[in-house]
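The figures that follow rest on heavy atoms only: side chains count, while hydrogens, waters and symmetry mates do not. These numbers were taken from a predicted model, which means no experiment stands behind them.
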Amino acid sequence: MDPDSGAKPPEGGASAVPRGEGKSSRRRKAKRNGKRRDAAPVTNSEAADSAASAGRPHSQEPNPSARKRKRRRAKSAGAQQPVQGSNAAPAARQVPVRPEGGQQPHSAKSSSSRNRRKKNRGGRGLQGRPLMPAKATPGVAKAPSPAGSGQVSSKDIRGRAGAESQAAEQRGEKFSYVNDLYAALDLGTNNCRLLIAQPTRPGQFRVVDAFSRIVRLGEGLGTSRRLSQDAMDRAVEALRICATKLANRPIRRMRLIATEACRAAENGEEFLARVIAETGLELEIIDRETEARLAVSGCSSLVGREARSVVLFDIGGGSSEIAVIRIDDSRSSRLANHITHWTSLPVGVVTLSERHGGRDVTPDVFSAMVTEVEGMLAGFDCPPLAAFRRQGAEDFHLIGTSGTVTTLAGVHLDLPRYDRRKVDGLWLSDAEVSAMQAKLLSWDFAGRAANPCIGPDRADLVLAGCAILEAIRRRWPSQRMRVADRGLREGLLTDMMADDGVWRRVRPRRQAGGQGAGGQDEAGARR
């Protein structure tokens with residue numbers, strides 16, 4: 001029939017009026033009369049076409065009640081149900097309506113997932129490294145300073161860090177130790193050193209803050225057996241700086257140690273009491289065996305997989321620790337477990353230079369220093385290492401961790417200024433070590449002080465250290481020596497992190513065929 005004739009189609013017959021236009025008219029009329037529920041039902045195929053035109057997924061609705069619920073939800077949201085045809089309002093097409101079953105549209109779901117991922121990232125970059133300072137834990141107050149001191153005690157720092165870590169665990173954080181900081185302080189005879197680090201890959205950590213200052217705490221100790229007032233003042237001033245650095249960071253765990261100067265001094269305990277009163281830091285005096293084990297732990301990543309035996313030495317200011325390491329086929333993740341013999345010589349660069357003179361060192365004076373150290377090593381009962389060496393294999397070497405060997409490495413590389421990245425892990429042949437010692441011995445005090453890798457602070461100590469090194473090389477001849485710019489602080493950090501199991505939390509153990517303990521071969525500290 002002609003659509004312009006105005007005749008109605010038969011009841012129940014097919015409408016000659018365009019479908020979209022007729023339904024829109026009926027629905028607008030029903031809406032004006034308050035009879036929305038009596039509007040003509042929309043078939044499933046029509047609903048699918050409307051949903052596709054609106055850009056949302058279609059859900060099959062086999063019963064009218066589901067369609068009614070959908071309409072009521074759309075009406076309550078203030079949106080009109082889109083219908084097929086060109087007369088549908090464009091605004092209605094843009095309103096996303098949740099389909100039956102509670103599924104969100106794909107675009108909205110993807111956007112919300114991305115937002116959640118960004119939120120849960122917590123400001124961390126790749127490998128969990130923080131991109132911004134960690135926010136303070138809600139409900140955990142900052143530890144108050146001791147009255148009148150202006151400093152935060154080490155007990156308060158540990159208490160605050162423990163409360164923050166406990167609060168993190170209560171919040172259900174899976175890897176609560178990943179962003180925790182660890183601190184190690186070593187107050188030696190010559191230096192005061194501090195490291196604050198964060199665990200990263202297995203067996204490794206990233207240094208967040210570091211401090212080192214030459215304080216010469218053991219100056220004059222060899223003759224008076226007491227710490228001088230000037231030396232204690234220099235050490236306390238350096239420790240105040242360390243206390244400030246520790247108080248400004250959320251340290252989870254720390255260990256603060258003192259070595260030979262405080263061990264040997266008659267007023268060592270009095271000095272530590274003064275440190276507590278003026279800085280709030282509580283230092284523990286460790287014994288020589290612990291010092292040797294910590295030195296080994298700090299340098300464990302520099303022992304190659306091919307090594308069967310190693311002699312590691314730490315030439316300090318007031319003592320020198322030597323550890324003999326024998327490695328069998330079942331290598332432990334902690335190299336300190338392979339120590340078979342160790343000794344601590346009661347001589348260091350400060351004490352030896354004070355006895356023989358460090359400014360003007362002639363070949364005869366140098367020879368006398370070497371002879372004295374050789375006499376001390378003669379009393380060290382250690383079986384020869386030839387039985388543990390393979391024929392023709394480079395499975396034995398020396399490792400030196402001290403200012404002496406790092407200075408030799410810097411002079412050997414002719415560095416314009418000392419660079420730890422180029423020195424740490426460097427291999428030196430036996431001939432190269434001998435050449436560097438001869439060069440230093442040929443320089444006078446002014447020449448040594450002018451070298452950027454020595455400086456005036458070490459110019460009177462470096463040859464005493466070379467004399468101790470020469471005695472060690474004569475006792476354990478080796479074709480090569482590895483330089484380690486690391487020591488007690490790195491050992492303290494490694495042991496604390498291993499005890500807490502942080503590397504197991506950072507990277508769970510893989511299945512067979514994955515990476516094992518190989519991460520121990522890489523550098524254990526970065527600065």
Side-chain angles (χ1 to χ4, degrees), residues 295-296 298-315 320-327 335 338 349 361 363 366-367 369-371 373-374 377 382 384-443 447-448 451-454 458 461-487 521-524:
V296 172
C299 302
S300 59
S301 60
L302 295 181
V303 177
R305 303 296 298 183
E306 76 282 357
R308 303 284 293 181
S309 54
V310 173
V311 172
L312 185 145
F313 56 91
D314 181 6
I315 303 175
S320 298
E321 280 66 42
I322 302 173
V324 178
I325 304 168
R326 294 175 177 174
I327 306 172
L335 189 65
H338 293 286
V349 295
V361 181
F366 184 80
S367 178
M369 289 191 288
V370 174
T371 302
V373 180
E374 282 184 312
L377 284 175
C382 175
L385 300 176
F388 286 83
R389 301 179 63 176
R390 300 170 182 171
Q391 186 68 26
E394 295 183 352
D395 54 4
F396 169 74
H397 63 85
L398 300 174
I399 292 183
T401 166
S402 66
T404 298
V405 293
T406 56
T407 298
L408 284 175
V411 174
H412 168 72
L413 296 175
D414 196 19
L415 298 177
R417 58 174 296 179
Y418 183 80
D419 189 347
R420 179 190 183 274
R421 294 171 297 179
K422 297 180 179 180
V423 169
D424 186 46
L426 179 70
W427 287 100
L428 293 176
S429 67
D430 184 67
E432 290 171 338
V433 175
S434 299
M436 289 305 102
Q437 290 186 166
K439 178 183 289 189
L440 293 179
L441 189 59
S442 66
W443 292 348
R448 296 192 300 270
N451 187 277
C453 294
I454 302 176
R458 293 183 179 272
L461 305 176
V462 63
L463 286 177
C466 289
I468 300 174
L469 172 61
E470 179 63 23
I472 294 173
R473 293 172 60 218
R474 293 180 183 180
R475 174 67 186 271
W476 293 280
S478 176
Q479 294 300 316
R480 55 179 184 157
M481 179 184 73
R482 197 165 197 186
V483 179
D485 188 355
R486 57 185 74 191
D521 292 337
E522 303 179 14

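Looking at Val370 and Arg474, their side chains come closer than 4.5 Å, going by heavy atoms from C-beta outward. Met369 places a side-chain heavy atom less than 4.5 Å from the side chain of Val361. Looking at Leu335 and His338, their side chains come closer than 4.5 Å, going by heavy atoms from C-beta outward.
Side chain of Ser367 to main chain of Pro363: no donor-acceptor pair is present (N/O by atom type, distance under 3.5 Å, no hydrogens or angles).
For Ser478 against His397, the heavy-atom pair with the smallest separation is OG-CA, 3.4 Å. Residues Val405 and Gly400 approach most closely at CG2-O, 3.2 Å, considering heavy atoms. Contact detail for Thr406 and Ala484: the closest heavy-atom pair is CG2-O, 3.9 Å. For the pair Glu374 and Ala471, the tightest heavy-atom approach, listed with the atom from each and the gap, is CG-CB, 3.8 Å. Considering all non-hydrogen atoms of both residues, Val423 and Ala409 come closest at CG1-CB, 3.8 Å. Closest heavy-atom contact between Gly403 and Arg458: CA-NH1, 3.8 Å.
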Would you sort out whether Ile325 and Ile399 count as a side chain to side chain contact (heavy atoms under 4.5 Å, CB included), showing the intermediate values? CA-CA 11 Å; Ile325 304 168; Ile399 292 183; over 6 Å; no
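Just one of Asp424, Asp419, Thr401 meets the side chain to side chain contact (heavy atoms under 4.5 Å, CB included) condition when paired with Asp485; it is Asp424. In summary, of the residues considered (Val373, Asp314, Ile468), a side chain to side chain contact (heavy atoms under 4.5 Å, CB included) with Ser320 occurs for Ile468 alone.
Taking the centre and axis of the six-membered ring of Trp443, the NZ or CZ atom of Arg448 falls outside the cone set by 45° and 6.0 Å.
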